[in-house]
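I have placed the structure first, in the form of structure tokens, so that the comments after it can refer back to it.
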Amino acid sequence: MTVTIDGVERELEPGTTGTDLFADRRDVVVMRVDGALWDLARELPAAAAVEAVTVSEPDGLMVLRHSTAHVLAQAVQQVNPDAKLGVGPPIENGFYYDFDVAQPFTPEDLKALEKAMQRIVKEGQSFVRREVTREQALAELAHEPFKCELLTHDTEGAEGASVEIGEGDITIYDNVRRGGEVAWKDLCRGPHVPSTRVLQNGWSLMRSAAAYWKGSEKNPQLQRVYGTAWPSKEELTAYKERLAEAERRDHRRLGVEMDLFSFPDEIGSGLAVFHPKGGVVRMEMEAYSRRRHVEEGYEFVYTPHATKAQLFQTSGHLDWYADGMYPPMHMDEERDVAGNVTKQGQDYYLKPMNCPMHNLIFRSRGRSYRELPLRLFEFGTVYRNEKSGVVHGLTRARGFTQDDAHIYCTREQMKDELTTTLNFVLGLLKDYGLEDFYLELSTRNPEKSVGSDEIWEEATATLREVGLESGLELVPDPGGAAFYGPKISVQARDAIGRTWQMSTIQLDFNLPERFELEYTAPDNSRQRPVMIHRALFGSIERFFAILTEHYAGQFPVWLAPVQVRAIPVAEAFDGYLQDIAARLRAKGVRVEVDTSDERFPKKIRTASKEKIPFVLIAGGDDADAGAVSFRFRDGSQDNQVPVDEAIDRIVAAIETRAQV
RNA sequence: GCUGGCAUGGCGCAACUGGUAGCGCACCCGACUUGUAAUCGGGCGGUUGCGGGUUCGAGUCCCGCUGCCAGCUCCA
């Protein structure tokens, strides 16, 4: 028979398997046959197009990870025969497997499981595929209720279920020891690596946690074990190093170490206070944003944090999002001695969004087309009653400040306005040091949306056009739009490759309607404006966290809490450095002279731990030359720079928002 | 919200199976000070997150609350 192998036609004996074919290539773990992934042990069909899939490519790695999940499940049932199997799909960086067990897994359990897994890997068990009928499968797996449910119920939408049952035949995989004895089996669509030995020592169990069966809060909770798996020990080590690096950069840790902010228990979960050093960073972030918004034609407004319920009834928030709001404060109610209400009270709410307030400003008087586009900007603090389990440092807080603006414009102005807004947003993000972006375009869900087809189409086409013109990658998110309008969002990659959703620009065809916003057109008719919501940081707190992690606390000079620390080699040079510091201070530089009693090396160490961008050192050599020496955060040094030049360099670094 | 884990001076940690809280850093005082990541000595600081309970005795055990961590679910 003729088979195409990696693009080359070959004559093969009927019955040839992938194992025969790729016998000399140890990195091949599975094969692609006419586009589908197959176990190597399967016989090749005639006229098939076959490709080798190595463990280093995404598909191969997925198979490796899924196979590791099987080894975990076998180990769990070895240790605890009563454990019932859930599902065990590969995920980013690894895999998980869900189990129904009487006792949750402890860290000690995980260690024991790793040992058991190691033995299974060393045994070199092969994964043997077996096609069965539904009845056979139900009979063989009668003791596995979750597997039976997968076999008998519609698995539509069930998280991870596709790895158990494919679209075609039902298959069971036997794990077979070298002697031919079946060690374990699992309902699985496959494919798998040929032998457990392929896993080597490139895997590790990470943690256990509860997870809902089929991902629904209504279903019972299973115990999920997470693991990571890589083609080699080296790659596993590199992955763990990446995790350690992320932990070192964690803004919650740096927030404490650098004295930037805290979350006092007395205030409550998810409510931050910024300390003086964090305050400087935040103030600079806001000041630059404010300046750029002024230049871009935004007008600044201020609105209160609390409001009567009526406003959020008008906006619709109380109908849809009451759960996400702080509960109402009931005010002004009066009762007589018998407890009867003599005066009806009022409910007040903390605002979860600023837009209704801005709409009231728009509506406060008649508006002319001549005023449009009207851009109202506010650093607006909002409060959202996030569920207790989701609060996470500054990135998911209960009180936070949005750099929020609402632009009211005519349909004709919409395109220009969206274009300039996206360019403005991208330019500004770059100024803060984020350089690597892609865009996501969330489009209409026809099931649930308001506004005419025409305006949706126009707005979506405009957003797409604007996105494409930016030259950035534009990822579609079909049906991802809110019901009131399409959205384009900017995703940024940070210094260690993580992506964060940043700015969003969102059209809204709903609120202008609900608030009956109008302007007078040139023909004296009343027209409804289009409303654009946009935030650059999203939340200042969250953006603060992202920048902290992006820079690992080593902020560029303009943002650094202390920009210059001057350290005399000995007390005799205190005055010399104080004069230089005074000159820097006069130019607005945040500079300190370390005149403490500590010895010189200790002062260097302290400045270094504080991640101060410029350390200026002066001793006899410098003073004699009318110079200072720079020491940078990486330990590199620039010695005996003339004082005037040193000052210019520092001032220039701040003005250009340079990283040093 | 759910499941599991955790909570000891400002920070990081210690205290065997319940026996009466200790260390480093930071901070304060003193001495010492001339070139690149911890000078030496002394001192201050904790009713062990909060509230109950068991016990002769609780940081250690039990219950409730608050907060934190991981994951799930959620994120206008």
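The chains referred to below are lettered A, B, ... by the order of the sequence lines, with proteins before strands, and numbering in each begins at 1. Just so we're clear, the structure is a prediction, and the values are computed from it rather than from any experiment.
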Re C50(B): Watson-Crick or G-U wobble partner, both distances kept under 3.5 Å, found to be G64(B)
I'd like to know if Arg631(A) reaches the base of U36(B) with its side chain, counting only an N/O donor and acceptor under 3.5 Å.
yes
Write down the distance between CG (Asp574(A)) and P (G35(B)), rounded to a whole number of angstrom.
15 Å
Measuring only the P atom in each nucleotide, how far is U33(B) from G43(B)? A whole number of Å is fine.
24 Å
Over 60° means perpendicular and under 30° means parallel, so tell me whether Tyr484(A) and His533(A) are parallel, tilted or perpendicular.
tilted
Compare the minimum distances between each of A76(B), U36(B), U73(B) and the side chain of Met353(A), then state the nucleotide with the smallest one.
A76(B)
Judged by modelled atom types alone, do Lys240(A) and Ser204(A) share a side-chain donor-acceptor pair under 3.5 Å?
yes
Under 4.0 Å between a side-chain N or O of Ser269(A) and OP1 or OP2 of C68(B)?
yes
Is a donor-acceptor pair below 3.5 Å formed from side chain Glu598(A) to base U33(B), judging by atom type as modelled?
no
Under 4.0 Å, heavy atoms only, any strand: does Pro568(A) hit a base, just the sugar-phosphate, or nothing?
nothing
Partner of G24(B) under the Watson-Crick or G-U wobble criteria, both distances under 3.5 Å, comes out as C11(B)
Side chain of Ile604(A) only, please: which of U36(B), C72(B), A76(B) is the nearest?
U36(B)
Suppose you measure atom P in G24(B) against the same atom in U39(B); what distance do you get, rounded to whole Å?
15 Å
Measure from NZ or CZ of Arg224(A) to the centre of the six-membered ring of Tyr96(A), then state whether that distance is under 6.0 Å and the direction lies within 45° of the axis.
yes
Distance check: side-chain N/O of Lys611(A) vs OP1/OP2 of A37(B), anything under 4.0 Å?
no
Rounded to whole Å, the CG-P distance (Asp259(A) to G10(B)) equals 14 Å
Between Leu222(A) (CG) and C2(B) (P), how many Å, whole number?
18 Å
Nearest to side-chain heavy atoms of Glu571(A), which nucleotide of U34(B), U33(B), A38(B)
U33(B)
For atom C1', what is the distance between U54(B) and G18(B), given to the nearest Å?
11 Å
Measure the acute angle between the ring planes of His305(A) and Tyr383(A), then classify it against the limits of 30° and 60° as parallel, tilted or perpendicular.
tilted
If you look at every strand shown and take non-hydrogen atoms under 4.0 Å, does Ser629(A) touch a base, only sugar-phosphate, or nothing?
base
May I ask you to check whether Thr606(A) and Glu598(A) show a side-chain donor-acceptor distance below 3.5 Å?
no
Between U8(B) and U48(B), how many Å separate the two C1' atoms, rounded to a whole number?
4 Å
What nucleotide, of G1(B), G35(B), A26(B), holds the atom closest to the side chain of Lys602(A)?
A26(B)
Could you tell me the separation between the CZ atom of Phe263(A) and the P atom of C69(B), rounded to a whole number of Å?
8 Å
Please verify the inter-ring angle class for Phe630(A) with Phe632(A); under 30° counts as parallel, over 60° as perpendicular, anything in between as tilted.
parallel
Under 4.0 angstrom, heavy atoms only, what part of the nucleic acid is Phe312(A) near: base, sugar-phosphate, or nothing?
nothing
Rounded distance in Å - CD1 (Ile267(A)) to P (U66(B)):
17 Å
So if I take every side-chain heavy atom of Arg384(A) and compare against A76(B), C74(B), U3(B), which nucleotide ends up nearest?
A76(B)
Taking the same atom, P, in U17(B) and in U55(B), what whole-Å distance lies between them?
22 Å
Do any side-chain nitrogens or oxygens of Arg207(A) fall under 4.0 Å of OP1 or OP2 in A70(B)?
no
On the side chain of Arg396(A), is there an atom forming a donor-acceptor pair with the base of C74(B) - under 3.5 Å, no angle test?
yes
Which listed nucleotide (U33(B), A26(B), G1(B)) is nearest to the side chain of Asp597(A)?
U33(B)
Please determine, for the side chain of His317(A), which listed nucleotide (A76(B), G67(B), U33(B)) has the closest atom?
A76(B)
Give me the distance, rounded to whole Å, that separates C75(B) from G4(B) when you measure between the C1' atoms they each carry.
23 Å
Which part of the nucleic acid does Glu386(A) contact within heavy-atom distance under 4.0 Å: base, sugar-phosphate only, or nothing?
nothing
Distance test, side-chain N/O of Tyr96(A) to OP1/OP2 of C72(B), below 4.0 Å:
no
Would you say His392(A) places a side-chain N or O within less than 4.0 Å of OP1 or OP2 belonging to C75(B)?
no
The side chain of Arg599(A) is closest to which nucleotide in this list: U39(B), A76(B), U33(B)?
U39(B)
Who pairs with G4(B) - Watson-Crick or G-U, where each distance is under 3.5 Å
C69(B)
Side chains of Gln501(A) and Arg542(A), donor plus acceptor under 3.5 Å:
no
Where the side chain of Arg224(A) is defined as all heavy atoms beyond and including C-beta, which of C72(B), U34(B), U36(B) is the nearest nucleotide?
C72(B)
May I ask you to evaluate whether Arg252(A) reaches the phosphate of C69(B), defined as a side-chain N or O under 4.0 Å from OP1 or OP2?
yes
Identify the nucleotide, in any strand shown, that forms a Watson-Crick or G-U wobble pair with A38(B), with both distances under 3.5 Å; if there is none, say none.
none
Geometric class of the Phe537(A)/Phe543(A) ring pair [parallel <30°, tilted 30-60°, perpendicular >60°]
parallel
For Phe377(A) and Phe379(A), take the angle between the two ring planes, folded into 0 to 90°, and tell me which bin it lands in: parallel under 30, tilted 30 to 60, perpendicular over 60.
perpendicular
Between A21(B) and C13(B), how far apart are the C1' atoms? Round to whole Å, please.
13 Å
Can you check the distance between C16(B) and G52(B), where both ends of the measurement are the C1' atom (answer in whole Å)?
29 Å
Side chain of Ser388(A) only, please: which of A76(B), U36(B), G1(B) is the nearest?
G1(B)
Length of the CG-C1' vector between Leu110(A) and G4(B), whole Å
11 Å
How many Å lie between CG on Asp594(A) and P on A37(B), as a whole number?
15 Å
Mind calculating the distance between CG (Asp265(A)) and C1' (U48(B)) to the nearest angstrom?
15 Å
